[in-house]
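Heads up, the thing below is written out as structure tokens.
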2 protein chains.
Amino acid sequence: MIQAHAVRLFGRRGYDGTTVNDVAAAAGVSPMTVYRHFPTKEDLVLADQNGPLVAERIAATPAGQPLVRRIGTALVESARTLTAGDDRFLLARLRLMISTPALRARHLDNHHLLQQAIVDGLGDEATDPDAAFRATAAASACLAVMHTALVRWAQDDGRTDLADLITTALAAAFGDDPR
Amino acid sequence: MIQAHAVRLFGRRGYDGTTVNDVAAAAGVSPMTVYRHFPTKEDLVLADQNGPLVAERIAATPAGQPLVRRIGTALVESARTLTAGDDRFLLARLRLMISTPALRARHLDNHHLLQQAIVDGLGDEATDPDAAFRATAAASACLAVMHTALVRWAQDDGRTDLADLITTALAAAFGDDPR
DNA sequence: CCCCACTTGGTAGTCACTATCGCTGCGGTA
DNA sequence: TACCGCAGCGATAGTGACTACCAAGTGGGG
């Protein structure tokens, strides 16, 4: 509820042009309550937590393929799922995240949570620290590529298909030959 | 000068535990002067600008190889150069950047500057928007992998060789076969 | 009816950062 | 030497995010 008011105001008056007090007033609560539910102003946009979703998609991919292909597939499928429903709220949040430097930075940093989720999704395949390191490297590469596609997608104002953009970007980074 | 005092204090008392006033007092200037030279507290650690260095290394690699290999080579060489000299100041800054969430986030976001530098380093090879997009995707993937190596390196407290770590991580993400 | 946990609100403070102003040293000019 | 323009520094007073600390309401179970 608070988050909905926040994203609406951020979209209308800009992130920096909107104070937490404004959000609180719009939501009809005190600023204290906002901070109780969202530890920082940035979390009003960034509250994500779809790590488990990606992790289970990873676990569902066949173990024979190279890591980046498995992770890439999971990310493309997730993007397709997320953009399938006409979720204006999600789109508004993504646009804010990409266009606001502070939010973009924190979103990039949050990738390490997704990386951990991905490594966890691999289960027994990445137990020793060295394998985990290699899996983390692959995951970070895939997520960075996805972020690049996200930026491009936001620049195109969501007119192009996000999943296709991610596929293209993954192919450019990792090669499109079936290795 | 101011930056040296800042990094020293941040290392000793922590980034959040040190105020800009503390830095100013240690450097013998007023807080105003600090903000005149460094627009934000974060810039006291993050003032980087080695984009041109990477760009010219990219331009120096043979155009026949795949993008990620050329970029990866440039990054490994840059890391080798940077860690060759026993630059305690650089090491302290890197450690701060990796271990402080706010700094790590901004450092990750700054990658888009390096990405632009890399694409620029490609010159004629990435003129049309589509080629630039593919190059950006490849660059972002390589930089993310490098960042993963950097995190691991900081965890090992700089005992392992950074260039070797980056090489290993690149191989894990992109495959070590000569394509 | 009371007690308890839980949620909310108020107050006052810290700190990053900004806007605006006045001061001071310093080289060039007459 | 006296003057002028200018660039860098400092002080003051703000704004806004965020954090204690404490008070008050509210609902459910004894």
Side-chain angles (χ1 to χ4, degrees), chain A residues 1-49 92-110 112-113, chain B residues 1-49 92-110 112-113:
Chain A
M1 208 62 216
I2 293 176
Q3 200 181 20
H5 286 284
V7 171
R8 187 173 47 79
L9 288 181
F10 292 161
R12 194 178 305 274
R13 314 211 288 248
Y15 180 77
D16 291 328
T18 309
T19 72
V20 175
N21 279 16
D22 294 339
V23 174
V29 296
S30 92
M32 288 298 312
T33 305
V34 176
Y35 282 115
R36 243 179 271 275
H37 291 302
F38 302 89
T40 72
K41 181 183 180 183
E42 294 162 355
D43 287 300
L44 283 166
V45 180
L46 292 170
D48 241 12
Q49 317 303 2
R93 280 180 48 221
L94 280 177
R95 225 167 296 140
L96 276 172
M97 271 173 16
I98 298 300
S99 58
T100 308
L103 296 176
R104 189 179 54 225
R106 276 232 16 212
H107 176 246
L108 277 168
D109 190 49
N110 281 356
H112 79 263
L113 298 175
Chain B
M1 206 63 213
I2 293 177
Q3 199 181 19
H5 286 285
V7 172
R8 186 173 47 80
L9 287 182
F10 291 161
R12 194 178 306 272
R13 314 211 289 249
Y15 179 76
D16 291 330
T18 309
T19 70
V20 175
N21 278 16
D22 294 340
V23 174
V29 295
S30 92
M32 287 299 312
T33 306
V34 176
Y35 283 114
R36 242 180 272 275
H37 291 302
F38 302 90
T40 73
K41 182 183 180 184
E42 295 162 355
D43 287 300
L44 283 166
V45 180
L46 292 169
D48 243 11
Q49 316 302 2
R93 280 179 48 219
L94 280 178
R95 225 167 295 138
L96 276 172
M97 270 174 15
I98 298 299
S99 58
T100 308
L103 296 176
R104 189 179 55 225
R106 273 228 21 206
H107 176 246
L108 277 168
D109 190 49
N110 282 356
H112 79 263
L113 299 175

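In what follows, every chain begins at residue 1, and chains take the letters A, B, ... in the order their sequences are listed.
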From CZ of B:R106 across to C1' of C:dC17 the rounded distance in Å is 14 Å
A:I2 atom CD1 is separated from C:dT8 atom C1', nearest whole Å, by 11 Å
In short, ring pair (Phe, Tyr, Trp, His ring centres under 6.0 Å) pairs touching residues 2-30 of chain B with sequence neighbours left out are B:F10-B:Y15
Rounded to whole Å, the CG-P distance (B:D22 to C:dT14) equals 14 Å
Are OP1 or OP2 of C:dT8 and a side-chain N or O of A:H37 less than 4.0 angstrom apart?
yes
Nearest heavy-atom contact between B:S30 and B:A24 is C-CB, 3.8 Å
note: B:M1, atom CE; D:dC9, atom C1'; distance rounded to Å ~ 18 Å
Heavy-atom nearest nucleotide on DNA chain C taken for B:Y15 and for A:P31; more 5' hit belongs to A:P31
Could you go through nucleotides 18-28 of chain D and list every protein N or O atom that sits under 3.5 Å from one of its N or O atoms, giving the distance for each pair?
from: D:dC18; atom 1: OP2; to: A:K41; atom 2: N; distance (Å): 2.6

Residue set satisfying side chain to side chain donor-acceptor pair (under 3.5 Å) with B:D43, at least two apart, ordered chain then number -> B:T40, B:R106
Could you give the side-chain donor-acceptor pairs of residues 94-105 of chain B under 3.5 Å, partners two or more places apart or in another chain?
from: B:S99; atom 1: OG; to: B:R95; atom 2: O; distance (Å): 2.8
from: B:T100; atom 1: OG1; to: B:L96; atom 2: O; distance (Å): 3.0
from: B:R104; atom 1: NE; to: A:D109; atom 2: OD1; distance (Å): 2.6
from: B:R104; atom 1: NH1; to: B:I98; atom 2: O; distance (Å): 3.0
from: B:R104; atom 1: NH2; to: A:D109; atom 2: OD1; distance (Å): 3.4
from: B:R104; atom 1: NH2; to: A:D109; atom 2: OD2; distance (Å): 3.1

Output for pair (A:R93 CZ, A:Q3 CD), nearest 0.5 Å, gives 5.5 Å
Minimal heavy-atom distance between B:V7 and B:L44, with the atoms involved, is CG2-O, 4.1 Å
Here the salt bridge (charged side-chain N to carboxylate O under 4.0 Å, His left out) pairs for residues 5-21 of chain B, sequence neighbours left out, are B:R13-B:D22
Looking only at heavy atoms, the pair that brings A:L9 and A:T18 closest together is O-OG1, 3.5 Å
Stems in DNA chain C, runs of 3 or more consecutive Watson-Crick or G-U wobble pairs with both distances under 3.5 Å, sorted by first number, are C:1-30 with D:1-30
Whole-Å distance, A:D16 CG to C:dT18 C1', equals 13 Å
